[in-house]
Amino acid sequence: MTSLSQRPANAVVGETMPHESAALHVTGHALYTDDLVLRHHGALHAHPVQAPHAHARITRLDESLAYDVPGVVRVLTQRDVPGTNDAGIKHDEPLFPDEVMYHGHAVCWVLGETLEAARRGAAAVEVDYEPLPAIVTVTDAIAQESFQGARPVMARGDVEAGLADATHVFEGEIEFAGQEHFYLETHCSLATVDENGQVFVQSSTQHPTETQEITAHVLGVPSNQVTVQCLRMGGGFGGKEMQPHGLAAVAALGATITGRPVRVRLTRQQDMTMTGKRHGFHATWRAGFDEDGCFVALDATLTSDGGWSLDLSEPVLSRALCHVDNAYWIPHIRVHGRIAKTNKTSQTAFRGFGGPQGMLVTEDIIGRVAPLLGIAPEELRRRNFYADGQATPYGQPVRHPERMVAAWDQVTETSELVRRRAEVAAYNVEHPHTKRGLAITPVKFGISFNFTAFNQAGALVHVYKDGSVLINHGGTEMGQGLHTKMLQVAATALGLPLSRVRLAPTRTDKVPNTSATAASAGADLNGGAVKDACEQIMTRLQPVRAANPDLSWEELVTLAYHQRVQLWAAGFYRTEGLSWDVKTMTGTPFKYFAYGAAVAEVEVDGFTGATTTRRVDIVHDVGDSLSPLVDLGQIEGGFVQGAGWLTLEDLRWDPDDGRLTTRAASTYKIPSFSEMPPVFNVALLERAHEDGAVYGSKAVGEPPLMLAFSVREAIRAACAAFGPDRVSVELASPATPEAVYWALDRARRS
Ligand code: MTE
Ligand code: MOS
């Protein structure tokens, strides 16, 4: 146990408490960026002019007619940019483009006294386009070799020899869909300029520092002239890691030009048609197994659909390659990665960050080949688990593989898997037109940013003379409960009740050079920094306490102040022991792995393919939980979001003109209460102390999403029950009722 992970007696971490804003959330009193607009007198509203082509050159842009629309104040175009006309970090995202790269691309922005004036102004802007050939599907991109960015290869052993030696070799292909974030709060930025020319942007951003940097380079000013604040987000899910920057820059540009506050808030349709999503992937593979059904070799090529610009596609692909193994030992492996360049929104981070896509490939392989090997899928999965002493394909030893087994065995027990398997089999014999399926799947997910430099964080903790405490840290709150955990960490480190500690919104002039709140590492990193700051203060208070053991906290603080003891501190944390070589795709990119296992039971209708999830049981490893109720919410929410990706959410682009056709809640179905499993049992893995992280906890934000593979595999099992024994079922993803119908129909006919 390290001092980082050690908990004092009476720790506030580990206590079950609601999210710090839960009461505000449910009463509608919680403020989001757009709620602040009403507090800004004279705010202007921005509306984009969106291109109606997937790929085109802009031959003429004439904004003059927009100024005839009453209420239009300013049209922002490329000519207005004083700095760099780029909204990305790869310099491939012109903020005001000459060339339209996807249907819905914003070519300029209109500022109006009202949103309606701005909208009408945008409609009056005249733009001429010369359409260019567009690539919409990933398969067309592959055929035309339209790729962007690095093409990494992760390899170990001798794949060809492994496949030659294998008793059974299978091959296949799969293409699966991305996912719209559908956070409840759409993107929003509100910019003002103060009397000193300091630009202040309030933004729904997971990465305030990068929003600051990009806003600064668009304005052509140093970073110290731009402050970014994030109050809270109504969901980010990765969608607000890179995508807010350009929108913040537009607001800031408008504010500097007009001197008035400028609000950029996307409507749902704008958000869906303009901002990036989870990457869909295409994969081809060959897999070899020995006579016992153990993996011998895997050779695969993964192509992600990156959309029009690189964005986070390279790190997302790295994480996909690092998770192809999931929980399984694959001695000989070679995985090629490529990023397709297509005329679509720029695909980006989404909970799991490529991990789910990498795992899907292998879980799909196992689901397809298990009947061909004549081994039950759960047995095949279990047999291939990592054992102690084995390392991942990228060379990181797998620490605590026994926790994978512990979670698996526990959920097998608690879900009564064996008894229910017999029950399901009996049900299926009796029911020719509906079938049930049961499946168990594992998750092993690496925690830390692959990009080593991001694994650092800062915090600022103030103790005021009255003993009250104000904390600031570099992480953002998007509903995941990070602020709740940070309050608990501070109270624990200071030995105070929670009520003495208050938390202020994230801003770049309090804690600079922050990393994105992402990779589930928010609590690990910022928790380490908050704890460090609190401990510095406690160390300084120590001599005062030693001389005055009976003073209350308030008296102690007052006395220390009079003795001129510094009562505030900046904390810092960096994760030790990480390394990653992008060239060779090897190293120790992760501090530890989070483990989990889920059992799902579904019922499928043989006439329609409609699916209902009847019961889900989960055992998930969060280390020693910092905040059990928050973690429970993360596990339930992540699971349901994953089930949405795999079974409901069906992004469709028109292959002819590149238009996103599923651009509203009416055509894009996300999970709601009716898709919640009626029986949903979640347990935290016990005796799971993680000695490399703050107070023994583990990250929780993303890994549970991948527990939803259990639903997909249960659907596969139900489809198989319509066919003969040992039928191998190919299932599309998302497994919508239509896709399920075709899968079960194929099974029925074989
Ligand atoms: N939970 C809620 N309620 N809302 C969110 O936007 N984002 C997820 C996850 N859980 C998200 C969420 C994603 S993508 C990540 S990376 C983590 O939270 C980020 O927060 P953390 O690092 O504090 O766990
Ligand atoms: Mo999460 S996809 O790392 O923001």
Side-chain angles (χ1 to χ4, degrees), residues 18-22 25 30 32 178-179 181-187 204-207 210 230 232-244 276-279 311-313 315-316 318-320 323 347-357 445-451 454-455 457 473-489 506 514-530 575 591 594 622-623 625-627 629-642 645 693-694 697-706:
H19 188 286
E20 43 86 30
S21 290
H25 289 156
Y32 297 86
Q179 185 177 22
H181 299 86
F182 222 105
Y183 22 61
L184 289 183
E185 177 209 27
T186 55
H187 276 276
S204 55
T205 176
Q206 287 176 245
H207 200 344
E210 204 165 79
C230 179
R232 62 161 64 77
M233 284 165 279
F237 307 115
K240 293 170 179 168
E241 205 176 321
M242 276 288 296
Q243 308 284 306
K277 312 177 192 314
R278 183 191 295 286
H279 294 73
D311 193 287
L312 289 163
S313 295
V316 165
S318 294
R319 189 167 275 273
H323 285 81
Q347 310 325 9
T348 192
F350 195 137
R351 207 169 192 169
F353 204 84
Q357 292 96 318
F445 191 80
I447 300 298
S448 299
F449 288 95
N450 269 67
F451 180 57
F454 271 4
N455 296 292
H473 64 87
T476 55
E477 175 61 43
M478 56 195 106
Q480 87 279 36
L482 178 61
H483 285 352
T484 312
K485 289 182 172 177
M486 295 304 95
L487 288 164
Q488 289 178 269
V489 166
T506 317
T514 54
S515 300
T517 307
S520 307
D524 282 15
L525 296 173
N526 296 288
V530 168
T575 316
K591 184 70 183 174
V622 299
S625 175
L626 290 177
S627 201
L629 199 55
V630 165
D631 285 350
L632 180 67
Q634 286 293 292
I635 296 167
E636 291 175 348
F639 178 87
V640 170
Q641 195 167 36
W645 171 50
V694 64
S697 64
K698 275 189 182 180
V700 66
E702 296 166 288
L705 182 133
M706 288 149 268

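Counting starts at 1 for both ligands and their atoms, in listed order. Small disclaimer: the values here were computed from a predicted structure and weren't measured. Side chains included, hydrogens not; waters and symmetry mates left out as well; all remaining heavy atoms used.
Considering backbone and side-chain atoms alike, T517 places every N or O at 3.5 Å or more from each N or O of ligand 1. Of the polar atoms of G238, none of the N or O atoms is found under 3.5 Å from an N or O of ligand 1, judged by distance alone. Between G236 and ligand 1, an N or O atom pair is found at a separation short of 3.5 Å. Distances between N or O atoms of E241 and those of ligand 2 include at least one value under 3.5 Å. Checking only distances, A519 never comes within under 3.5 Å of ligand 1, N or O to N or O.
Here the protein heavy atom with the shortest distance to atom 1 (Mo) of ligand 2 is E702 OE2, 3.6 Å. Closest to atom 3 (O) of ligand 2, if we only count protein heavy atoms, is A519 N, 2.6 Å.
Taking every non-hydrogen atom of Q206 and a distance limit under 4.0 Å, the qualifying atoms of ligand 2 come out as 4 (O). Short contacts between ligand 2 and G238, defined as distances under 4.0 Å to a heavy atom of the residue, involve ligand atoms 2 (S), 4 (O). For ligand 1 and A521, the ligand atoms under 4.0 Å from any heavy atom of the residue are 22 (O). Listed by number with element, the atoms of ligand 1 under 4.0 angstrom from any heavy atom of A518 are 16 (S). Each of the following atoms of ligand 2 lies closer than 4.0 Å to a heavy atom of R351: 2 (S). Within the listing of ligand 1, atoms 1 (N), 2 (C), 3 (N), 9 (C), 10 (N), 12 (C), 18 (O) sit less than 4.0 angstrom from a heavy atom of Q634. Against a heavy-atom cut-off of under 4.0 Å, F350 is close to the following atoms of ligand 2: 2 (S).
For atom 19 (C) of ligand 1, the choice among M478, K240, Q206 with the nearest heavy atom turns out to be M478.
Expressed to the nearest 0.5 Å, how far NE2 of H19 lies from CG of L482 amounts to 8.5 Å. Between atom CH2 of residue W645 and atom CZ of residue R351 there is a gap of 13.0 Å, rounded to the nearest 0.5 Å. The CE atom of M242 sits 13.0 Å away from the CD atom of Q347 when rounded to the nearest 0.5 Å.
For the pair T506 and H483, the minimum side-chain heavy-atom distance is below 4.5 Å.
Contacts with ligand 2 closer than 4.0 Å are made by heavy atoms of both the backbone and the side chain of A518.
Taking the six-membered ring where the residue is Trp, H187 and Y183 present perpendicular rings, their angle passing 60° and hence far from 30°. Using cut-offs of 30° and 60° on the angle between ring planes, the pair Y32 and H25 is parallel.
H207 and F454 have their aromatic ring centers within a separation under 6.0 angstrom.
By the 4.0 Å N-to-carboxylate-O rule, E702 lies too far from R319 to be salt-bridged with it.
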